[in-house]
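A short worksheet on the structure shown next.
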Amino acid sequence: MDASVRVRFAPSPTGYPHLGNVRTALFNWLFARHTGGTFILRIEDTDQARKVEGAVEVILNSLQWMGMDWDEGPFYQSQRLDMYREYGEKLVNEGKAYYCYCSSERLDAMRQEQIKLKQPPGYDRHCRDLGHEKTGWGDSAVAPVIRFRSPLEGKTVITDLIRGEVIFENSTLDDFVLLKSDGYPTYHLANIVDDHQMQISHVMRAEEWLSSTPRHVLLYAAFGWQPPRFAHLPMILGPDKSKLSKRHGATSIDEYRDKGYLPEAMINFLSLLGWSLDDKTEIMTCEEIIKNFTIERVSKTAAVFNAAKLEWMNGVYIRNLSPQEFSDRCMPFVKQALPDMVIEPGYMQQIAPLVQERARVLAEVPDLVDFFFSDKLEYDSALLCGKLERAQAVEVLNRTIRALENIHEWLAGDMEAAIRPLAEGLELKAGPFFGVLRVAVTGRTASPPLFETMEVLGRDRCMARLKAALQKL
RNA sequence: GGCGCAUUCGUCUAGGGGUUUAGGACGCUGCCCUCUCAAGGCAGAGAUCACCGGUUCGAAUCCGGUAUGCGCUACCA
């Protein structure tokens, strides 16, 4: 237990959280829970242009859905603008940053030119030594930004908990913006100020941030602050091995919820994207993951997201649910997909066990069970015969109906005992014989076991369907 | 272009000098079970550990280079 561990998940509400974001949140949360530390939620809403309405709510909901509770926050950077500005101006006053009045047009033109000349793009430090005659807002038609006065030489060494020592030449760093002309801080400024103020001990974020870490280390030094420990997590890639994004299909976490992935399966699966317990353990409860999670066992290499494996794992979790719980969790999906049907919880509880091991995601349950609810089955009569002659199929149905009329208790065992011998009489194997009945009763060629299905369906519905099948032939 | 990171079966990964004929999982194929579909069981294919050199009695494991991939290179995060 290390109560001094303070970590944060700091998403920007510029879109809905995707698997990568959630994995980052998860690792921070796991680390906090493992160490007995504190998990803080901070919304980095400093980009007014890319802000997406409602994204914060989705982020919060997603964390809650996955069971990742936070101890402090959410804090909003947009509510702390004055403070960032003060810190920015403080650096200007100390000569560690400066106002820049370059217009975006000049900056764009400069970049174009640099690219044309095959030079590394970057700010040309035009305003770095303007002097003091022009300082602050109001002195120019152009609202200025504050830029960091990056050292021109030397090296910045960062020690990453996952990657070890990484060395950057300061000369490759440009004078990045700290405070934008709209008064909002950039990520670099706000992030450092907040991490310091919130006493963050470990910064765990995706590897895409590794390149900007020297800037952050330099900023901490400029403020005279002790930087936190850094751990850059491996990226999660799409099947084409590029950074996960919308074009890879379902990436937003609530899409997975809507498809019927279980949060516990998502936790388990995501925990294994860049972390492992040992050489064989894969299915773990959240408690087990928390107990065993350490940064030492986080891998360095980017992971391609394997949707098929997630689906498999979700199936494992679905099968491990109690029948009651499975039934309860199916309800919303079934109701939504079959809006015209009356879905009684009691009936659903009878149906559920028949499809539990056949579903990999909850959203496919409605397709598996809809025939339990419909009054009239729609199917191609050709399915009824399968490979049998029409006359044979008719005979199968007639004999079954007769046998069933003598059944006292509508129980799967009794029905099977009465019907199975009928196949022999027609010199048919059980497979083809039951096949006819299956289509008659369910309208499809694949279904849960026939007699259990018929028992749940009930006598009236089954008899009606068998007779209806006869009519079709 | 510059800088950085990475590189073990198609994918997720174990392994960190001899215990490895490189282990597990998903997926795939086959067989078994079986009233269909699943689930389950068993088996199989699949990795010269990116490549080249070096260190060493010995390298997937250590070092160097090359290649490739990815990331960053914004008044985005």
Side-chain angles (χ1 to χ4, degrees), chain A residues 10-15 44-47 49-50 100 102-104 107-108 111 114-115 117-123 143-147 160 162-163 166-169 171-174 176-188 190-191 205-214 232 234-235 237 239 241-243 269 272-283 297 299-313 315-316 319 355-360 368 386 416 419-420 423 429-435 437-439 442 444-451:
Chain A
S12 70
T14 52
E44 308 218 323
D45 50 352
T46 56
D47 188 337
R50 291 202 312 153
C100 166
C102 294
S103 67
S104 54
L107 261 17
D108 286 344
R111 229 182 321 271
Q114 287 166 332
I115 290 167
L117 296 173
K118 293 212 184 284
Q119 288 173 347
Y123 182 56
V145 301
I146 291 180
R147 285 184 184 274
D160 187 276
I162 293 168
R163 276 148 233 284
V166 185
I167 303 168
F168 294 86
E169 291 286 342
S171 59
T172 62
L173 271 23
D174 72 348
F176 56 97
V177 172
L178 259 21
L179 205 70
K180 304 182 243 184
S181 57
D182 64 0
Y184 278 75
T186 60
Y187 171 88
H188 304 300
N191 190 266
R205 65 211 331 181
E207 197 202 320
E208 59 194 290
W209 291 105
L210 187 57
S211 303
S212 31
T213 306
H232 286 92
M235 305 260 290
L237 278 18
K241 302 202 178 216
S242 71
K243 208 166 145 177
F269 183 78
L272 258 14
L273 242 37
W275 174 83
S276 63
L277 172 58
D278 56 29
D279 59 338
K280 43 193 58 131
T281 312
E282 292 205 303
I283 304 295
R297 291 203 62 84
S299 81
K300 298 159 144 56
T301 66
V304 173
F305 168 61
N306 186 343
K309 187 158 182 174
L310 202 212
E311 210 172 277
W312 161 78
M313 191 174 280
V316 172
R319 276 173 252 129
V355 297
Q356 184 162 4
E357 68 180 24
R358 293 172 170 76
R360 291 159 78 89
L368 259 21
E416 179 162 8
I419 293 172
R420 192 175 277 278
K429 291 202 170 204
F433 190 99
F434 291 176
L437 303 180
R438 184 186 315 286
V439 172
T442 68
R444 54 189 68 186
T445 53
S447 78
L450 220 210
F451 302 105

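The chains referred to below are lettered A, B, ... by the order of the sequence lines, with proteins before strands, and numbering in each begins at 1.
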Worksheet item: Tell me, for nucleotides 19-27 of chain B in 5' to 3' order, what letter each nucleotide earns: B for a base near a protein heavy atom under 4.0 Å, S for only sugar-phosphate near one, - for neither?
Response: ----BBBBS

Practice prompt. Let me have a per-nucleotide readout for nucleotides 70-77 of chain B, 5' to 3', with B, S or -, counting only protein heavy atoms under 4.0 Å.
Written response: SBSSSBBB

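Partners of A:A308 under the side chain to side chain contact (heavy atoms under 4.5 Å, CB included) rule, at least two apart in sequence or in another chain, are A:N306.
Under the Watson-Crick and G-U wobble criteria, each requiring two contacts below 3.5 Å, nucleotide B:rA45 is left unpaired. Using Watson-Crick or G-U wobble geometry with both donor-acceptor distances under 3.5 Å, B:rA60 finds no partner in any strand shown.
Counting any heavy atom pair closer than 4.0 Å across all strands shown, A:R163 reaches sugar-phosphate atoms only and no base atom. Among the atoms of the strands shown, only primed sugar atoms or phosphate atoms (P, OP1, OP2) are found under 4.0 Å from some heavy atom of A:F168. Note on A:L173: nothing from the nucleic acid sits closer than 4.0 angstrom, heavy atoms only.
Between A:I283 atom CD1 and B:rC12 atom P there is a gap of 18 Å when expressed in whole angstrom units. In this entry the distance linking CZ of A:R438 with C1' of B:rU36 reads 4 Å, nearest Å. If you take CH2 of A:W275 and C1' of B:rG15, they are 16 Å apart, rounded to a whole angstrom.
Contact between the side-chain N/O atoms of A:R319 and the OP1/OP2 oxygens of B:rG40 is found at a separation under 4.0 Å. When the side-chain nitrogen and oxygen atoms of A:R358 are compared with OP1 and OP2 of B:rA39, none of them lie within a distance under 4.0 Å.
Projected onto RNA chain B by closest heavy-atom contact, A:R297 and A:F434 fall at different nucleotides, the more 5' of which corresponds to A:R297.
The listed nucleotides are B:rA6, B:rU13, B:rC5; the one nearest the side chain of A:A303 is B:rU13.
A:W209 and A:Y187 have parallel rings, their planes meeting at less than 30° on a 0 to 90° scale where 60° marks the start of perpendicular.
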